[in-house]
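Report on the structure given below.
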There are 4 protein chains.
Amino acid sequence: MARLKSDEKRHAILAAATRVIAAHGLGAPTALIAKEAGISNGSLFTYFETKAELLNQLYIELKTEMGTAAFDAFPSENSPREQLRHVWTNWLHWAVTDPKKRRTLAHLSVSDEITAGSHQAAALAFGEIAALVDRCRSGGPMRTAPLSLVLTIMSGVADAAMDYMLRDPANADAHCETAFEAAWRMIE
Amino acid sequence: MARLKSDEKRHAILAAATRVIAAHGLGAPTALIAKEAGISNGSLFTYFETKAELLNQLYIELKTEMGTAAFDAFPSENSPREQLRHVWTNWLHWAVTDPKKRRTLAHLSVSDEITAGSHQAAALAFGEIAALVDRCRSGGPMRTAPLSLVLTIMSGVADAAMDYMLRDPANADAHCETAFEAAWRMIE
Amino acid sequence: MARLKSDEKRHAILAAATRVIAAHGLGAPTALIAKEAGISNGSLFTYFETKAELLNQLYIELKTEMGTAAFDAFPSENSPREQLRHVWTNWLHWAVTDPKKRRTLAHLSVSDEITAGSHQAAALAFGEIAALVDRCRSGGPMRTAPLSLVLTIMSGVADAAMDYMLRDPANADAHCETAFEAAWRMIE
Amino acid sequence: MARLKSDEKRHAILAAATRVIAAHGLGAPTALIAKEAGISNGSLFTYFETKAELLNQLYIELKTEMGTAAFDAFPSENSPREQLRHVWTNWLHWAVTDPKKRRTLAHLSVSDEITAGSHQAAALAFGEIAALVDRCRSGGPMRTAPLSLVLTIMSGVADAAMDYMLRDPANADAHCETAFEAAWRMIE
DNA sequence: GATGAATGAGTATTCATTCAT
DNA sequence: AATGAATGAATACTCATTCAT
């Protein structure tokens with residue numbers, strides 16, 4: 001019970017941080033995040049020891065959520081191409097559906113406050129995507145490149161496409177598809 | 001006459017800012033930048049009215065330098081593919097040659113302090129790359145996609161590759177080549 | 001509950017500001033005021049959002065105190081002349097009793113930081129004096145002049161007398177009396 | 001010749017300071033005063049060693065000018081009353097004619113930067129007024145009060161009246177007259 | 001636990017004054 | 001003498017974090 005309450009507030013803080021950071025950047029005061037979360041500034045620090053800790057947790061949370069969203073309704077029976085397309089579409093649309101999360105994640109991804117450990121923890125959530133990409137590229141031109149390089153490049157394309165979709169949401173679907181075809185051509 | 005505002009000093013500040021921001025992020029104190037540039041903290045503000053102004057100038061400078069570097073020794077006589085490969089290689093190696101510039105530019109690119117005007121000014125330096133990419137994609141599968149989308153995606157790949165090259169500089173050349181081939185496949 | 005913003009501390013700051021400004025003028029550093037008040041420099045800003053805010057509050061406080069002091073032990077039964085003499089004496093002696101308050105108020109009265117609102121708020125404290133002066137001048141030569149002009153002039157005389165009393169405190173009582181008789185002659 | 005040029009610039013600076021201080025208060029940057037005077041910021045200090053020096057000179061200059069203005073077209077033949085009325089009218093109208101000078105003088109009069117020496121130097125310019133007032137009060141109720149007290153109080157009335165006239169310039173003449181009659185009643 | 005006042009190090013910017021040209 | 005860049009001390013205000021209640 002007590003635990004439940006804690007988790008509730010923890011998430012309230014994380015959600016508030018997402019909103020506030022999207023609007024004010026990483027320099028957003030913890031006091032503002034606390035107020036947005038409906039708690040006192042002091043209380044924030046019983047849930048996260050430091051601001052850096054909060055930022056790291058938020059990074060892991062958002063990245064994990066993005067990775068998880070990508071596998072929503074995963075079509076196990078389909079071809080690898082269709083599977084990747086499905087994952088790709090989920091992935092990119094997550095950004096358009098919740099631009100604040102995407103924006104905050106963009107801020108966090110580039111921050112010096114995020115530790116190597118957090119980056120690793122977040123990478124875990126992309127293990128399945130990694131495996132899928134590995135399967136997809138196995139017969140193609142990038143079959144001998146380091147998988148991590150392939151993944152880095154795919155993420156680069158995805159990030160770029162997200163930005164573009166956010167700038168022109170009306171045609172988001174088309175851009176998403178264009179980007180997928182381009183990405184697919186890289187590996188197959 | 002009195003001492004004239006020297007371009008030399010201006011560049012010393014910009015160079016110092018590049019180093020300091022690479023190390024400390026955008027939160028780096030102006031006083032530290034000034035000291036690194038060998039001038040007094042007050043003097044910095046005779047060259048840049050405001051920290052934000054300095055950041056914007058630095059952004060434009062670095063981005064322009066990157067764009068210019070890409071066209072170094074441009075092989076006008078070669079095929080589009082070879083031209084793009086040349087540009088691509090210059091481009092990505094600029095990041096490896098001067099990792100601090102790349103790192104600082106990454107910080108700046110994501111900052112809220114950089115105005116739309118600065119982004120536009122910087123985009124100018126990429127006009128030739130845009131034209132080249134446009135030529136290269138003209139017969140390929142992305143011929144009907146918005147050029148800006150194609151460019152955004154290409155930049156995404158380039159950025160991702162730079163990051164990877166920086167993490168594994170020993171094989172930077174190979175990664176650069178792998179990335180180029182992947183990028184080429186997207187458009188041709 | 002946490003520690004509550006204490007009125008005690010608020011007044012400590014105001015009192016410290018009075019002392020420090022009397023000595024250093026309006027340019028007195030907030031840090032010095034804070035130290036004099038026995039709090040940290042940051043704490044000052046939990047009680048007053050801004051230095052200007054502190055100055056305005058102090059102005060209202062001092063002016064109100066001065067107006068209130070003038071009506072101390074007010075002899076309701078006496079003649080208007082005796083009432084005014086009583087008020088006048090209280091008024092002028094307030095300055096001599098607490099020269100720092102008078103000095104600080106002189107600084108504040110002339111400052112651009114004091115808003116029209118603060119001037120109005122402070123004027124409230126002089127409503128009774130205004131009424132009394134109005135009664136006193138009603139049968140005399142200034143009966144048709146704008147009351148506000150009469151009050152302005154009376155204040156001018158009072159201010160001048162205060163200054164003089166401060167320069168020669170040994171004969172303050174006599175000077176106060178001389179000034180009162182002069183002021184009385186103006187209106188009756 | 002060289003001397004003339006100097007004097008010209010000296011006065012340009014003093015005039016600029018009057019304007020700038022009227023608008024921005026005593027905190028006005030010397031650089032702004034210099035620009036307004038049409039010289040470089042550095043040059044200002046060849047005419048006045050320090051800002052405080054400039055302020056003191058300006059104080060003396062303005063106060064002297066005010067005192068001198070009061071005796072303009074002095075009617076030597078008239079009665080003391082008419083003489084005082086003439087001086088009084090000149091005096092108060094100086095403020096209305098050139099509100100910036102009056103405003104700046106008000107700022108300076110209250111400043112800690114003005115030395116006792118400057119106050120004395122300025123007082124010199126009021127010697128004639130003092131003598132006139134002395135003559136006027138010689139047969140009246142303030143004949144035994146310290147002359148300096150009488151003068152202080154008269155100045156207080158004058159200052160108050162100036163302020164009022166500045167707030168209601170349309171009726172400045174009437175207010176000036178009202179104030180004179182009041183002042184006269186004090187001494188005669 | 002929760003609250004929010006208290007703390008004080010940290011920072012961009014200003015400005016009188018100096019000095020190289 | 002004039003210029004205006006250089007200097008660096010000075011200062012209001014912010015904010016992560018602590019701690020008394």
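Labels below follow one simple rule: chain letters A, B, ... track the order of the sequence lines, proteins then strands, and each chain is numbered from 1.
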What's the [atom1]-[atom2] distance between [X] and [N], to the nearest Å?
| X | N | atom1 | atom2 | result |
| --- | --- | --- | --- | --- |
| Ile13(A) | dT3(E) | CD1 | C1' | 14 Å |
| Ile33(A) | dT17(F) | CD1 | C1' | 14 Å |
| Glu49(B) | dA5(F) | CD | C1' | 15 Å |
| Phe48(A) | dT18(F) | CZ | P | 16 Å |
| His24(D) | dA16(E) | NE2 | P | 13 Å |
| Leu26(B) | dA12(E) | CG | P | 12 Å |
| Leu55(C) | dC13(F) | CG | P | 10 Å |
| Lys51(B) | dG10(E) | NZ | P | 15 Å |

When you measure from the side chain of [X], which nucleotide among [options] comes out closest?
| X | options | answer |
| --- | --- | --- |
| Thr30(D) | dA16(E), dA9(E), dT17(F) | dA16(E) |
| Ile39(B) | dA12(F), dT7(F), dA12(E) | dT7(F) |
| Thr50(B) | dG8(E), dT13(E), dA16(F) | dT13(E) |
| Pro29(C) | dA12(F), dT17(E), dT18(F) | dA12(F) |
| Ser40(C) | dT13(E), dT7(E), dT18(E) | dT7(E) |

Touch class at under 4.0 angstrom, heavy-atom based, for Ala28(C) against every strand present: sugar-phosphate

Using Watson-Crick or G-U wobble geometry with both distances under 3.5 Å, which nucleotide pairs with dA1(F)? none

Partner of dT14(E) by Watson-Crick or G-U wobble geometry, both contacts under 3.5 Å, or none? dA9(F)

Answer with yes or no whether the side chains of Thr115(A) and Ser118(A) bring together a donor and an acceptor at under 3.5 Å. yes

Is any side-chain heavy atom of [Y] closer than 4.5 Å to one of [X]?
| X | Y | result |
| --- | --- | --- |
| Thr30(A) | Phe45(A) | yes |
| Glu61(D) | Thr64(D) | no |
| Leu108(A) | Leu55(A) | yes |

Counting only side-chain nitrogens and oxygens, does [X] get under 4.0 Å of the OP1 or OP2 atom of [N]?
| X | N | result |
| --- | --- | --- |
| Thr46(A) | dG1(E) | no |
| Tyr47(B) | dA5(F) | no |
| Lys9(A) | dA2(E) | yes |
| Ser43(D) | dT3(F) | yes |

On DNA chain F, check which nucleotide each of Asn41(B) and Ala52(C) is closest to and give me the residue with the more 5' one. Asn41(B)

May I have the step-by-step check of salt bridge (charged side-chain N to carboxylate O under 4.0 Å, His left out) for Arg102(C) and Asp159(C), ending in yes or no? CA-CA 10 Å; Arg102(C) 152 72 182 164; Asp159(C) 270 348; 3.1 Å; yes

Judged by each residue's nearest nucleotide on DNA chain E, which is more toward the 5′ side, Leu44(C) or Gly42(B)? Leu44(C)

For His119(A), is the NE2 atom crowded, meaning more than 12 foreign heavy atoms sit under 6.0 Å from it? yes

